[in-house]
Trainee: 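Got a structure here, written out as structure tokens. Questions coming.
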Amino acid sequence: MMDANALIERGNWLFTKRGSLLSLWQEIADQCYPERADFTVTRSLGDDFAAHLTTSYPIMLRRDLGNSFSAMLRSTAVDWFSIRASREEYEDQEAREWLEWATKTMRRAMYDRSSLFTRATKEGDHDFAAFGQAVISVDLNRLANGLLFRCWHLRDCVWIENEEGKVDTLHRKWKPTIGQLGKLFPGKLHAKVQEKLTKARPELYTEVQCRHIVMPSDEYGDERWMRRDRLGNLVTPFVSIFIDAENQHIMEAVGQRRFKYVVPRWQTVSGSQYSFSPATVAALPDSRLIQDMSRVLLEAGEKAVNPPMVATHGVVRSDISIYAGGVTWVDREYDERLGDALRPIAQDRSGLPVGIDMRRDIMAMLREAFFLNTLSLPQNGPEMTAYEVGQRIQEYIRQASPIFEPMEAEYNGALCELTFDVMLDAGAFGRATDIPEALQGVDVDFRFESPLHEAIERQKGQKFLEVNQLFATVAEADPEIAADVDFREAFRDVVTSIGAPAKWLRSEDEANEMLDQQRRAAEAERVVAALGNGASVAEQIGKASQALGPEAGMAA
């Protein structure tokens with residue numbers, strides 16, 4: 001089993017190896033995210049974060065991109081996620097209703113005010129937009145009666161990928177106060193820290209350098225967390241370790257069934273466990289350029305309205321006062337026929353419009369770098385044909401996929417899966433026997449609502465309408481074509497894919513039973529009608545026989 005010193009040294013090695021990346025993150029933050037620009041410098045609370053900048057345009061673009069993630073992918077106005085079985089054949093009517101109930105339960109837990117979900121994801125969105133990654137922890141709160149989401153500073157976190165490309169080891173620097181440690185780890189603190197708990201109140205606010213490490217339990221080597229199930233898998237594949245780094249003391253080591261950190265990564269490169277933001281990588285050169293251009297244009301504009309002056313030596317007797325109401329004293333004996341005693345320097349201002357146009361081009365390029373020109377869903381004009389609508393939607397999908405695909409898979413998907421697992425382990429969905437039989441032992445997936453999915457589903461509905469129109473046209477010429485299209489299956493598929501509530505659709509067995517009843521009722525009506533027609537014919541024959549008299553009977 002590894003001791004505290006070995007764990008700290010391993011973490012120090014990872015932090016040292018990652019050290020050069022902090023310079024890049026600092027430069028990105030200086031240009032686009034100054035509130036977070038404390039990777040290589042220490043900021044005080046009263047610092048003016050953007051004092052070194054001449055324009056806030058890159059900051060506003062990063063802000064808009066970060067805000068758009070939550071607005072478009074996690075909007076509180078819609079149910080932006082739903083729990084589904086990993087395969088559709090596992091979902092019968094009972095399973096779909098249970099999955100809808102579980103989705104509502106999970107949503108209430110996530111958006112509970114004490115869970116800090118909105119705060120953590122808002123911080124994570126802007127880290128993701130600026131640096132291409134974020135670190136968010138998902139766990140139960142201290143009382144184990146609710147969820148707790150926290151977003152951690154990238155400066156304080158390092159991680160390692162396993163052979164499958166998944167992050168399975170994370171080291172995090174942490175500076176809690178002595179009072180916080182006393183509440184979190186009662187009776188487990190180092191003797192020096194424990195002694196300070198009994199002293200004067202100010203001692204409780206002293207910060208302690210700590211580490212939190214989550215790593216595979218087989219690497220840690222503690223036999224307590226090496227128990228395996230019938231299939232040979234570790235029951236607790238991870239171990240969570242809290243270390244007092246100042247005193248090299250392990251305060252807690254607990255086995256975990258889940259890796260309770262989510263590390264969403266936007267654009268990865270082979271050979272590195274860290275990723276990058278394609279937005280800020282493209283925008284960083286132009287962000288520097290627009291700062292210089294803005295400075296030059298500001299200086300040129302200032303010279304245009306407040307030009308530099310030329311004063312004749314020995315004539316001007318005071319400082320040049322060119323502010324409003326200012327007075328500049330000139331020698332009364334100076335003959336102005338020799339030239340103005342004070343005059344502005346002539347300037348060529350022809351380059352000022354060119355500079356403004358160049359700055360406008362850079363602003364447009366920055367907007368493209370932050371993908372803000374591709375985030376609006378194309379609108380359908382009344383004069384557009386179905387083909388044109390489909391082509392515009394296809395173009396939007398191609399442009400938006402680089403943004404939404406990593407967000408849904410690496411960010412929202414991982415966050416929802418871990419939240420579901422934590423709640424399932426805590427019994428938030430009831431006992432295991434309460435889960436429908438069709439879902440027992442089945443993995444769950446998540447379906448997300450976003451403009452990208454909206455475009456895809458709109459395309460699916462458009463195809464259904466096109467098939468319907470084509471069928472109507474061909475059926476007029478050949479009615480037998482109806483046997484080639486299963487409209488019931490197509491309709492159920494479309495209704496399910498657009499996220500309609502499960503209760504809106506009857507189960508296939510119920511629908512088939514109703515159809516059988518309708519067929520039996522129609523058959524009964526047909527038989528009754530046939531019997532009625534037969535009785536009417538018999539009655540008519542009887543009446544005709546009576547009208548003809550005995551002769552008719554004899555003839556018969």
Trainee: Does a side chain donor of either H126 or R36 reach within less than 3.5 Å of an acceptor in the other side chain?
Mentor: no
Trainee: Do E207 and T177 have side-chain atoms, one donor and one acceptor, less than 3.5 Å apart?
Mentor: no
Trainee: Please check if the side chain of D425 supplies one atom and the backbone of V422 the other of a donor-acceptor pair under 3.5 Å.
Mentor: no
Trainee: Between Y411 and R74, is there a cation-pi geometry (under 6.0 Å to ring centre, at most 45° from the normal)?
Mentor: yes
Trainee: Locate the shortest heavy-atom distance separating L181 from P176; write the atom from each residue and the value.
Mentor: CD2-CG, 3.5 Å
Trainee: Are F131 and F39, when compared by the centres of their aromatic rings, separated by less than 6.0 Å?
Mentor: yes
Trainee: Kindly confirm or rule out a cation-pi arrangement of K260 over F238, judged by NZ or CZ under 6.0 Å from the six-membered ring centre and within 45° of its axis?
Mentor: no
Trainee: Could you check, using the six-membered ring where one of them is a Trp, whether F128 and W266 have ring centers closer than 6.0 angstrom?
Mentor: yes
Trainee: Under a 4.0 Å threshold between the charged nitrogen and the carboxylate oxygen, would R265 count as salt-bridged to E161?
Mentor: yes
Trainee: Testing the 3.5 Å rule here: is there a donor-acceptor pair between the side chains of D112 and S114?
Mentor: yes
Trainee: Does atom CZ of R113 have more than 12 heavy-atom neighbours, drawn from other residues, nucleotides or ligands, at distances under 6.0 Å?
Mentor: no
Trainee: Determine, stepwise, if the pair R63 / Y33 fulfils side chain to side chain donor-acceptor pair (under 3.5 Å).
Mentor: CA-CA 8 Å; R63 180 195 65 187; Y33 197 1; over 6 Å; no
Trainee: Can you tell me how far the CG atom of L147 sits from the CG atom of L140, to the nearest 0.5 Å?
Mentor: 6.5 Å
Trainee: Hey, what do you get for CG (L424) to CE (M106), rounding to the nearest 0.5 Å?
Mentor: 11.0 Å
Trainee: Can you give me the closest heavy-atom contact between V235 and D229, atom names plus distance?
Mentor: CG2-N, 4.0 Å
Trainee: Check whether any side-chain heavy atom of L418 sits under 4.5 Å from a side-chain heavy atom of C416, and report yes or no.
Mentor: no
Trainee: Taking the side chain as every heavy atom from C-beta outward, state whether P237 and P216 have any pair of such atoms under 4.5 Å apart.
Mentor: no
Trainee: Could you please spell out the steps behind the side chain to side chain donor-acceptor pair (under 3.5 Å) verdict for Q133 and S275?
Mentor: CA-CA 6 Å; Q133 52 218 322; S275 62; 3.3 Å; yes
Trainee: Between atom CG of D30 and atom CH2 of W25, what is the distance when rounded to the nearest 0.5 Å?
Mentor: 14.5 Å
Trainee: Contact between L7 and I243 at the side-chain level, heavy atoms closer than 4.5 Å - yes or no?
Mentor: yes
Trainee: When rounded to the nearest 0.5 angstrom, what distance separates CZ in R18 from CZ in R155?
Mentor: 9.5 Å
Trainee: Using side-chain heavy atoms (C-beta onward) and a distance below 4.5 Å, is F69 in contact with M407?
Mentor: yes
Trainee: Check side-chain hydrogen bond (donor to acceptor under 3.5 Å, both in side chains) between S240 and all other residues, then give those that pass, not counting sequence neighbours.
Mentor: H212
Trainee: Test of understanding: with side-chain hydrogen bond (donor to acceptor under 3.5 Å, both in side chains), list the residues that count as partners of D92, not counting sequence neighbours.
Mentor: none
Trainee: What's the shortest heavy-atom distance between T103 and I83, and which atoms?
Mentor: OG1-N, 3.0 Å
Trainee: Hey, are the side chains of Q256 and V239 touching, using non-hydrogen atoms and a 4.5 Å cut-off?
Mentor: no
Trainee: State the CG-CG distance between L148 and N141, to the nearest 0.5 angstrom.
Mentor: 6.5 Å
Trainee: Looking at Q440 and I435, would you say the former's side chain and the latter's main chain have a donor-acceptor pair under 3.5 Å?
Mentor: yes
Trainee: So is R227 actually on top of W225's ring, under 6.0 Å and inside 45° of the axis?
Mentor: no
Trainee: Within the structure provided, determine whether R367 and L61 are in side-chain contact (heavy-atom separation under 4.5 Å).
Mentor: yes
Trainee: Taking K166 first and then D168, would you say they form a salt bridge - that is, a charged N and a carboxylate O separated by under 4.0 Å?
Mentor: no
Trainee: Between S217 (side chain) and T236 (backbone), is there a donor-acceptor pair under 3.5 Å?
Mentor: yes
Trainee: Out of curiosity, H171 NE2 to D156 CG, how far, rounded to the nearest 0.5 Å?
Mentor: 14.0 Å
Trainee: Looking only at heavy atoms, what is the nearest atom pair of T169 and F259, with distance?
Mentor: N-CE1, 3.8 Å
Trainee: Going through the distances and angles, do H153 and D38 end up as a side chain to side chain donor-acceptor pair (under 3.5 Å)?
Mentor: CA-CA 10 Å; H153 203 306; D38 55 354; 2.7 Å; yes
Trainee: Only one of C157, C210, S137 clears side-chain contact (heavy atoms from CB on, under 4.5 Å) with R172; which?
Mentor: C157
Trainee: Please report the closest heavy-atom contact between I290 and P58, naming both atoms and the distance.
Mentor: CG2-CG, 4.0 Å
Trainee: Which donor-acceptor pairs under 3.5 Å do side chains of residues 117-124 form with protein atoms, sequence neighbours excluded?
Mentor:
residue, atom, partner, partner atom, Å
R119, NE, E123, OE2, 3.4
T121, OG1, F117, O, 2.8
T121, OG1, T118, O, 3.2
K122, NZ, N67, OD1, 3.4
K122, NZ, S70, OG, 3.3

Trainee: Indicate, with yes or no, if the rings of Y274 and W159 have centres closer together than 6.0 Å.
Mentor: yes
Trainee: Closest heavy-atom contact between A369 and A282?
Mentor: CB-CB, 4.0 Å
Trainee: Below 4.5 Å, heavy atoms only, C-beta onward: do L366 and L372 meet side chain to side chain?
Mentor: no
Trainee: Report yes if the side chains of L99 and E97 come closer than 4.5 Å at any heavy-atom pair, otherwise no.
Mentor: no
Trainee: Are more than 12 heavy atoms from other residues, nucleotides or ligands located less than 6.0 Å from atom CD of E437?
Mentor: no
Trainee: Q93 and R96: side-chain donor and acceptor closer than 3.5 Å?
Mentor: yes
